[in-house]
A.B. asks: 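Could you have a look at this structure, given as structure tokens, before my questions?
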4 protein chains.
Amino acid sequence: MSLQNIQKKILRTRCLDSKGLIAKITHICSQHELNILKNDEFVDRLTNCFFMRTELEGVFDDNTLLADLDATLPEGSIRELNDIHRNRIVVLVTKEAHCLGDLLMKSIYGGLHMEIAAVISNHATLHTLVDRFEIPFHLISHKGLTREQHDLKIITKIDQYQADYVVLAKYMRFLTPAFVQHYPNQVINIHHSFLPAFIGARPYHQAYERGVKIIGATAHYVNENIDQGPIILQDVINVDHTYSTEDMICAGRDVEKNVLSHALYHILAQQVFVHGNRTVIL
Amino acid sequence: MSLQNIQKKILRTRCLDSKGLIAKITHICSQHELNILKNDEFVDRLTNCFFMRTELEGVFDDNTLLADLDATLPEGSIRELNDIHRNRIVVLVTKEAHCLGDLLMKSIYGGLHMEIAAVISNHATLHTLVDRFEIPFHLISHKGLTREQHDLKIITKIDQYQADYVVLAKYMRFLTPAFVQHYPNQVINIHHSFLPAFIGARPYHQAYERGVKIIGATAHYVNENIDQGPIILQDVINVDHTYSTEDMICAGRDVEKNVLSHALYHILAQQVFVHGNRTVIL
Amino acid sequence: MSLQNIQKKILRTRCLDSKGLIAKITHICSQHELNILKNDEFVDRLTNCFFMRTELEGVFDDNTLLADLDATLPEGSIRELNDIHRNRIVVLVTKEAHCLGDLLMKSIYGGLHMEIAAVISNHATLHTLVDRFEIPFHLISHKGLTREQHDLKIITKIDQYQADYVVLAKYMRFLTPAFVQHYPNQVINIHHSFLPAFIGARPYHQAYERGVKIIGATAHYVNENIDQGPIILQDVINVDHTYSTEDMICAGRDVEKNVLSHALYHILAQQVFVHGNRTVIL
Amino acid sequence: MSLQNIQKKILRTRCLDSKGLIAKITHICSQHELNILKNDEFVDRLTNCFFMRTELEGVFDDNTLLADLDATLPEGSIRELNDIHRNRIVVLVTKEAHCLGDLLMKSIYGGLHMEIAAVISNHATLHTLVDRFEIPFHLISHKGLTREQHDLKIITKIDQYQADYVVLAKYMRFLTPAFVQHYPNQVINIHHSFLPAFIGARPYHQAYERGVKIIGATAHYVNENIDQGPIILQDVINVDHTYSTEDMICAGRDVEKNVLSHALYHILAQQVFVHGNRTVIL
């Protein structure tokens, strides 16, 4: 066995819970002489669903390992064995620079293990920012197009880049069901409120009207119900009576960009499981 | 002038904003040889409304001072000159002990400048806790009564105690409009969610269903719309996929009691102004 | 097998890490037909130390289970199998009521799975508070005694109550090495600063002097070095230039009591491992 | 009076407290027919020092206004009347990109009302990042120079740009007293710990060793005592036993950049007063 063949991979398992699951899975890993660097599991008692994320190190025979797992795990189990590689991301934006800027900085200078393959927008506003980082920028205007036509053009462009994930970094349009279904659990959005408060448009205006003392941001997977997909991460900051709507918008920017990039961090590390309308993060 | 006559009082002013208001008010205070210990003001630009809270020290001639202010301030101004005294509170509870326990501890052992005059409940559960602190406990059951009849009995009891404020420390019933109107801006509630998320019953169950990553509590004045009165204070804590609804309820208790008692702290210090459906805290 | 014999226990394991440990331990649990309700593990890469906390359910044959584990685990391993029972606590206080009040409320009305067996103080200040909850209070004055003599009297009293843990709820005296050694990893203190900032006396005065914008509290195990034992939990709140030292003391009380009771929560749930001067919380 | 002449300015006053100060100052503003948009004041009771920040709008006769103030205020008072303009900043960095990237983004795309005039470093690492934003980058190596010689070269370069403030955005060298004295209260540093914990080098390593459960960052003015200048802002994040030193370094980056840019926000808005070793932020 040469050192060159030693790899790290991540095994993700989900299935119905039953007695002895951890013993069975870790026993198979032992038989394959794989070392467990880190192991986390969770059982959702309400649904009796078992989740496990295992960081493995050793010489992998993927097919045999997966076959051994399949022979042991209950029927209907899902197990994935993934390399640790730099994911490819396509970012959709409209006019606001702060989330995109943070993603660009972190993808190039460290912080997020990903490559921004391209940025797509329905406005030209952020073209020069993207150019600064020598990344392709595509202006796909929605003018004169139906929502479906526009989304189709974007899908076509995204697919040229073979993206692992699509990140909506303050993309201010609702996506069509066709778009969402094309990328199941692959589209991540940052919503500028503490969901489920202030769903929909102009959440800071809604927050001002309600007189809240805390505002927030929510990173979530996009599904077919607007702002109702599985929540990945949320964070908040305090505000008070001196904050105008405009002040809230300004103050919220740092929260938005932090929440989005931390949520991506968990996704890129393969820590997030979507479980109905909830997420399990191991 | 004898030292015995030196007092501290709080002047609270609200009126339409106009040029020179701070100068005029503080000039009158100077003429009365009152020292300003602390002064805070705020102008709400949207409504052009001016708010000021002034801590004064000196020998007060209340009538002359207020007359001088009235002669100077724009018509329709509201100004109050209040002593700093220990407020009297009546607390309404149902079965949960944590908020009540914190209020009892702080009213007796320090932290809140108030006296709990009595505790009223529709259940006997917390009778012994209240007895420990030698405070009157009144069981007013709702059984066999209409909502209006029940509230009327409670109002009658509260009014015997001449309470400055009524605090709902996890009182799990909605109040009738008659009750709310009887105590305008005097009823403070703690709601166990981050309003406006999860209005109404069983907010932790709603939070669990939605899969949120943060839960919170909101202290607010009670008005005629359920959970929609002016917000005084909010706070949150992080939760994750391992939290059952029951875990959220447990974890939320410390947030609830802290938010309620901090909100009361601001009210007792006469720092809170109700401004439409918002609060200004100076 | 009758249902009456089904119990829940917690298995805590720590040993040098080696390949296959999780598989081995969970396999033994499977062989004993014990169901794993919850399992958490951690490997400290710097020291190569393995920690695991396993919540088990089933019919236990303790001796055989432990023998099987001993036969499998590397030499020098530590494993404990504990019932889930209500721990007995003795609380030491001086004059401040807030932490003690919170512990009394939570031990009786829910929140902490413990029984306060007795409260000991070097002052009589809190006698009436403890009386309210019908718990023994012992005044052991330090006057005229050496530090060693005083601690010895306290130890003697504590040991009458067969306490699982000793909690210093704002006990404002330093303990002698003899005391600390008598209760290894059993004495928990709340220090009113964000350690290691402001070790020693009057931390809020130190914080004021330094002009910090955040103050905090730290729950830690007591060892022979003052304020330097393993940290269990910390929390902070924001302050600003308007806070006097006295304001910081007031504002800090809620943080202190929350941090102390949350730290106790983890300890009572057997989640805390002391690892050198650090804690692992599973 | 033409509308073109209407300006906004900020009046900053500090002096010994005395009765009637607010009345006197605001009365002078009224006499000049200046409207007070926002007014904040603070009296430090320990030093009897009065601070006031007043946002004024109107037609300014600066000399007369200041003369009127001087005639009224107690001797030794400091008062400044400042335009609201975009400040010029020179940033010093070493090799880490995150704080610099955030400042570049915010100075160009909004969030901080400032212009980055130049970036100076003792390493070439960040040259290309600065180039992306078309801002001058100066490599001033410390090799072969004494600390004094190196600082002198940097001072000479900074002074070419007539900077209002010098920002140390993870500049990993200590500055000489000559440097600090050349820019009194104009040099802002971000320290990667919750000061006064972990002064000096490698604070995350120190934090790991101590086993803290919270890490933080501190923005402060630089004075002649290392990491002991007046604190402007601090923030923290939770960590746990799973964090290696490297994990803390990664997690700390977002806190560092947020704290630095929020501190600059307050400074650029002329809200910060240095008061001994403390700051007053109005």
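All chains are named by letter (A, B, ...) in the order of the sequence lines, taking the proteins before the strands, and each is independently numbered beginning at 1.
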A.B. asks: Report, by ascending residue number, the residues of residues 213-240 of chain C in heavy-atom contact with chain D at a distance under 4.5 Å; give 'none' if the set is empty.
C.D. replies: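 The stretch touches chain D at C:Lys213, C:Ile214, C:Asp227, C:Gln228, C:Gly229, C:Ile231, C:Ile232, C:Leu233, C:Gln234, C:Asp235, C:Val236.
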A.B. asks: Does CZ belonging to D:Arg202 count more than 12 external heavy atoms closer than 6.0 Å?
C.D. replies: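 Counting other residues, nucleotides and ligands, CZ of D:Arg202 stays at 12 neighbours or fewer.
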A.B. asks: Do you know which of C:Ala207, C:Pro196, C:Ser244 has the most heavy-atom pairs with chain D at a distance under 4.5 angstrom?
C.D. replies: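 Among the listed options, the one with the most contacts to chain D is C:Pro196.
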A.B. asks: So which bits of residues 261-279 of chain C come within less than 4.5 Å of chain D, counting non-hydrogen atoms only?
C.D. replies: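 Listed by number, the contacting residues are C:Asn277, C:Arg278, C:Thr279.
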A.B. asks: Does atom NE2 of D:His27 have more than 12 heavy-atom neighbours from other groups under 6.0 Å away?
C.D. replies: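 No, not enclosed.
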A.B. asks: Among D:Ile199, D:Leu46, D:Val43, which residue has the highest count of heavy-atom pairs closer than 4.5 Å to chain C?
C.D. replies: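 Most pairs with chain C among the choices: D:Leu46.
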A.B. asks: Heavy-atom distances under 4.5 Å only: say whether D:Tyr208 touches chain C with side chain, backbone, both or neither.
C.D. replies: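 Answer is both: backbone and side chain atoms of D:Tyr208 are under 4.5 Å from chain C.
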A.B. asks: What's the shortest heavy-atom distance between D:His241 and C:Leu282, and which atoms?
C.D. replies: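 Residues D:His241 and C:Leu282, closest heavy atoms: NE2-CD2, 3.7 Å.
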A.B. asks: Quick check on the structure: residues of residues 179-193 of chain C within a heavy-atom distance below 4.5 Å of chain D, by number.
C.D. replies: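 Hits under 4.5 Å: none found.
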A.B. asks: The criterion is salt bridge (Lys or Arg N to Asp or Glu O under 4.0 Å); which residues satisfy it with D:Lys9, sequence neighbours excluded?
C.D. replies: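 Salt bridge (Lys or Arg N to Asp or Glu O under 4.0 Å) list for D:Lys9, sorted by chain: D:Asp62, D:Asp83.
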